[in-house]
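Take a look at the structure set out below.
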2 protein chains.
Amino acid sequence: MERLIRSTQELLWERGYVGTSPKAIQRAADAGQGSMYHHFTGKAQLARAAIERSGAELREAAEDQLSGSGTATERITDYLERDREVLRGCRIGRLTSDPDVMADPELRQPIDETFTWLRARLAEIVAEGKRNGEYPGSLDPEQTAATIAAVLQGGYVLARAAGSVEPFELAVKGLINLLPEATK
Amino acid sequence: MERLIRSTQELLWERGYVGTSPKAIQRAADAGQGSMYHHFTGKAQLARAAIERSGAELREAAEDQLSGSGTATERITDYLERDREVLRGCRIGRLTSDPDVMADPELRQPIDETFTWLRARLAEIVAEGKRNGEYPGSLDPEQTAATIAAVLQGGYVLARAAGSVEPFELAVKGLINLLPEATK
DNA sequence: GTCTATACAACGATAGAC
DNA sequence: GTCTATCGTTGTATAGAC
């Protein structure tokens, strides 16, 4: 059951929801049909569990960099530049282009929550930067947070399109350079 | 045959490649099996034609704003703020999360070319801005271009996750605000 | 060129034995 | 709890008539 969830996480990351069949999940988890349908009502419920798990992992991983010490720009830069499997894309963000996920509120909800949390967390850090004078009063925390999150998500898209991590890294460096008081 | 390509464009946009069946294409195009398989060898070849078409349309639409008159920031802002069907996502960018598209070089190529073109075009404009003194010498054109393209692609992802255009608009405004000499 | 018929695998789930 | 059998549907394509 633990293996079922983990295998589903992997397959959703790699192939999306539409592209993942119950049979493929069973094979990856080394479980039979009966086992899967005993623990879950079907593909959708299992996917929901897997997406929630991946969302929680994403939040934890982000918090690792974002809760560190240092200036706002330092923490944001740490977050942007941490090691990522860029060419695999974002396991949460990619589900956003899956029609059956978007059509099912149960499946979309954990995705919504994950990004809503991320933007709020980034906005907090930007707001801190404003309070201690690191950032000018003209900087809007919610806007800037959305921009940061978007550069990452868009960076994945550009990198996969190119078959190379380069566009991702360019986009991140470009953003860091645009942040006020950039270290360069 | 024209209808087949157009219907495929729509379905790829909405459901992706894995999620689109030949039968669905035929229904949408009001064409029979025989017709489709007479003009194309199969789903892949038809998809290739549709993706190329969509890529060309994306380039034309971008050029509408990017080739205008005005400062670099004005043209980039025009491009970022033009009307878009945000919640439908980017018809090219979304294919980037489709495993069967990424696995087939024939299908990935037009996607790669489209974004490579876009980043180069944006980099030209940033470089122009540097030459005429609008932007400081420290601004890297390729980096900044990648950042701009990424904000759009990521903006789509965040908006679809939220079920609202708001995150897209926040991300765009945030970026415009970060650009040197922002009008704001 | 377009139609209908046919093929065969995969999808997603259920049933009933153990 | 897990296994095997079965089911009806859809996916993707080919064949051959018109």
Problem - Atom-pair distance (CZ on R3(B); C1' on dT2(C)), nearest Å - result: 12 Å
Completion exercise
In whole angstroms, the gap separating P of dT4(C) from CE of M36(B) amounts to 16 Å
Exercise for the section: Would you indicate which nucleotide in dC11(C), dT2(C), dA13(D) comes nearest to any side-chain atom of Y37(B)? Expected result: dA13(D)
Practice task
Take atom CD of Q45(A) and atom P of dA13(C), then tell me their distance rounded to the nearest Å.
Solution key: 11 Å
Fill in the blank from the handout: The nucleotide from dT4(C), dG1(D), dG11(D) with an atom nearest the side chain of Q33(B) is dT4(C)
Problem - Gap between atoms CG and C1', on L4(A) and dT2(D) respectively (whole Å) - result: 12 Å
Handout entry: Between Q9(B) and E57(B), a side-chain donor and acceptor under 3.5 Å
Key = yes
Problem - Joint hydrophobic cluster, V157(B) plus W13(A), side-chain heavy atoms closer than 4.5 Å - result: no
Completion exercise
When rounded to whole Å, the NE2 to C1' distance for the pair H38(A) and dA13(C) reads 16 Å
Practice task
Mind calculating the distance between CG (L46(A)) and C1' (dG12(C)) to the nearest angstrom?
Solution key: 13 Å
Exercise for the section: Would you kindly say whether T114(A) and R59(A) are connected by a side-chain donor-acceptor distance under 3.5 Å? Expected result: yes
Exercise for the section: Using atom CZ of R27(B) as one end and atom C1' of dT9(D) as the other, report the distance to the nearest whole Å. Expected result: 13 Å
Exercise for the section: Indicate whether OP1 or OP2 belonging to dA10(C) is found under 4.0 Å from a side-chain N or O atom of S21(A). Expected result: no
Problem - Contact nearer the 5' end of DNA chain C, comparing G34(A) with K23(A) - result: K23(A)
Exercise for the section: Check the side chains of T96(A) and Y156(B) for a donor-acceptor pair under 3.5 angstrom, ignoring hydrogens and angles. Expected result: no
Problem - H39(A), nearest nucleotide to its side chain (from dT12(D), dG1(C), dT2(D)) - result: dT2(D)
Completion exercise
To the nearest angstrom, the CG-P distance between D100(A) and dC11(C) comes to 14 Å
